[in-house]
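As structure tokens, the structure follows; a few thoughts come after it.
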Amino acid sequence: MLETIITALLPIVVTLMLGYFAGWERSFSQDQATVLNRMVMLYALPLMLFAGILSTSLSAITQNIPLFVWTAVGMVGGLILVFVLSRFVFRSSAQLAALRAIAIAGPAVPFVGTPVLGVLYPNGADIAIATGSLLMNLVQVPLALIFLVGGQQDASAPRKSALAIAGASLLNAIRQPVVWAPVLAFILLLSGLELPRSLKGSFTLLGQSTGGVALFAVGIVLFSQKVSVSLPVIVNVISKNLLLPGIILALMLVFGVPVTERGLVSVTLAIPTASIAVIFAVEYKCGTQEMASTLFWSTLLSILTMGMFIWFTA
């Protein structure tokens, strides 16, 4: 088991440190890291998801319906719960509450999921990554933008309704290849089509670069941001890395979810914070240092916390 954990997590450490070193050496800037992320999200990851799902049997997907349900409970339910607690219990602004919600309930599945889940759960990794990507782009981002955009609107300008903001965000999400590529693959699979083995390499050649390039870019971003330690950051990291996946794991144990699905969902939710939280914080000028610090410590400590969930659910 220890060898499995090292095999899954050591590449994350090495690749992140290489990216951090590249930032320290000024070999790459944060703007260039953004370009690398753009390549991953527009080409490499959609190709990987498309080929992975279309190469999966339909029976395997139908057997993974509990995976989708419990991942949705963790990501969507967690987002709503964290927003409500931050907004009404801790009296944060609506914008900061939305950022904290997406930082805690939004795992970096497209980036970290590939090298970790692909090693641990080769048969279910593509479905888990596609599920996480769809939930983030189609549900989490539109919900967060309602409060981020709404809180930034000029009082003198015509105010957009929450429905208009959510609709525009949802339309933009649907246009992203990382959303429509796995959906298209699933539709083709339902139609009885499968990806010929001879064509799979044409999609996976670039798709295989997803995890490495994305983690390298995250390392550059981590060096570029000012990192601090504060009570909100500590609460964010503990909630992201331990509490949320731990609560969902406990619920799955209560409901008797099979061991493989338990492990796959809990490890997926234990993946560190997605960089979208930092991107939104910079764009809307709210909680930038808190989100950058949360991303840094969540990613750094995830080596231990993910290892713990992998060990416990083995």
Side-chain angles (χ1 to χ4, degrees), residues 7-12 14-16 18-19 22 28 32-65 67-68 71 107-138 141 171-220 264 267-268 271 274-276:
T7 301
L9 300 184
L10 185 60
I12 297 176
V14 173
T15 310
L16 274 176
L18 284 173
F28 290 86
Q32 291 170 320
T34 302
V35 173
L36 292 175
N37 275 333
R38 184 172 175 80
M39 185 277 288
V40 169
M41 297 303 289
L42 290 181
Y43 293 96
L45 180 59
L47 285 172
M48 186 197 74
L49 294 177
F50 183 84
I53 292 176
L54 206 53
S55 302
T56 305
S57 66
L58 189 58
S59 61
I61 291 181
T62 56
Q63 290 170 1
N64 279 282
I65 291 178
L67 167 67
F68 178 84
T71 305
V109 178
F111 300 158
V112 182
T114 303
V116 174
L117 302 179
V119 171
L120 298 171
Y121 307 98
N123 295 327
D126 291 326
I127 299 172
I129 295 169
T131 297
S133 301
L134 289 172
L135 288 171
M136 175 167 286
N137 285 282
L138 291 178
V141 168
L171 183 62
N172 180 62
I174 294 172
R175 292 172 179 166
Q176 302 302 315
V178 74
V179 172
W180 60 256
V183 172
L184 176 61
F186 185 67
I187 292 173
L188 293 176
L189 195 64
L190 289 176
S191 303
L193 298 177
E194 292 184 5
L195 186 66
R197 187 179 299 271
S198 58
L199 294 180
K200 186 175 181 180
S202 302
F203 292 89
T204 56
L205 181 61
L206 182 59
Q208 288 169 348
S209 68
T210 298
V213 174
L215 286 168
F216 185 82
V218 169
I220 299 170
L264 186 51
V267 173
T268 298
I271 287 173
S275 56
I276 188 68

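For the numbers below, each heavy atom of this structure counts, side chains included, while hydrogens, waters and symmetry mates do not.
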Kindly compute the distance separating [atom1] ([X]) from [atom2] ([Y]), expressed to the nearest 0.5 Å.
{"X": "Leu205", "Y": "Met48", "atom1": "CG", "atom2": "CE", "value": "14.0 Å"}
{"X": "Leu18", "Y": "Phe28", "atom1": "CG", "atom2": "CZ", "value": "11.0 Å"}
{"X": "Phe216", "Y": "Asn37", "atom1": "CZ", "atom2": "CG", "value": "11.5 Å"}
{"X": "Leu47", "Y": "Thr204", "atom1": "CG", "atom2": "OG1", "value": "9.0 Å"}
{"X": "Thr131", "Y": "Asn64", "atom1": "OG1", "atom2": "CG", "value": "8.0 Å"}

Specify the closest pair of heavy atoms between [X] and [Y], including all atoms of both residues, with the distance to one decimal.
{"X": "Ser209", "Y": "Ala44", "result": "OG-CB, 3.8 Å"}
{"X": "Phe50", "Y": "Ala181", "result": "CD1-O, 3.5 Å"}
{"X": "Gly124", "Y": "Leu264", "result": "O-CD2, 3.8 Å"}
{"X": "Ala128", "Y": "Thr268", "result": "CB-OG1, 4.1 Å"}
{"X": "Ala130", "Y": "Pro182", "result": "CB-CB, 4.1 Å"}
{"X": "Ala185", "Y": "Leu54", "result": "O-CD1, 3.4 Å"}

(message) Just checking Leu42: does its CG atom have more than 12 heavy atoms from other residues, nucleotides or ligands closer to it than 6.0 angstrom?
(response) yes

(message) Any heavy-atom pair between the side chains of Val183 and Leu134 that's under 4.5 Å?
(response)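 With C-beta onward as the side chain, the pair touches.
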
(message) So Met136 and Ile276, do their side chains get closer than 4.5 Å, heavy atoms only?
(response)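 Answer yes - side chains close enough.
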
(message) Going by the rule ring pair (Phe, Tyr, Trp, His ring centres under 6.0 Å), which residues pair with Phe186 if we only count those two or more places apart in sequence or in a different chain?
(response)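 Phe186 satisfies ring pair (Phe, Tyr, Trp, His ring centres under 6.0 Å) with no other residue.
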
(message) Using side chain to side chain contact (heavy atoms under 4.5 Å, CB included), reason through Val213 and Thr15 one step at a time and then give a plain yes or no.
(response) CA-CA 8 Å; Val213 174; Thr15 310; over 6 Å; no

(request) State which residues pass side-chain contact (heavy atoms from CB on, under 4.5 Å) with Leu193; sequence neighbours excluded, sorted by chain then number. (result) Leu188

(request) Please answer whether the main-chain N or O of Phe68 pairs with a side-chain N or O of Thr71 as donor and acceptor at a distance below 3.5 Å. (result)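 No: the side chain of Thr71 does not pair with the backbone of Phe68.
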
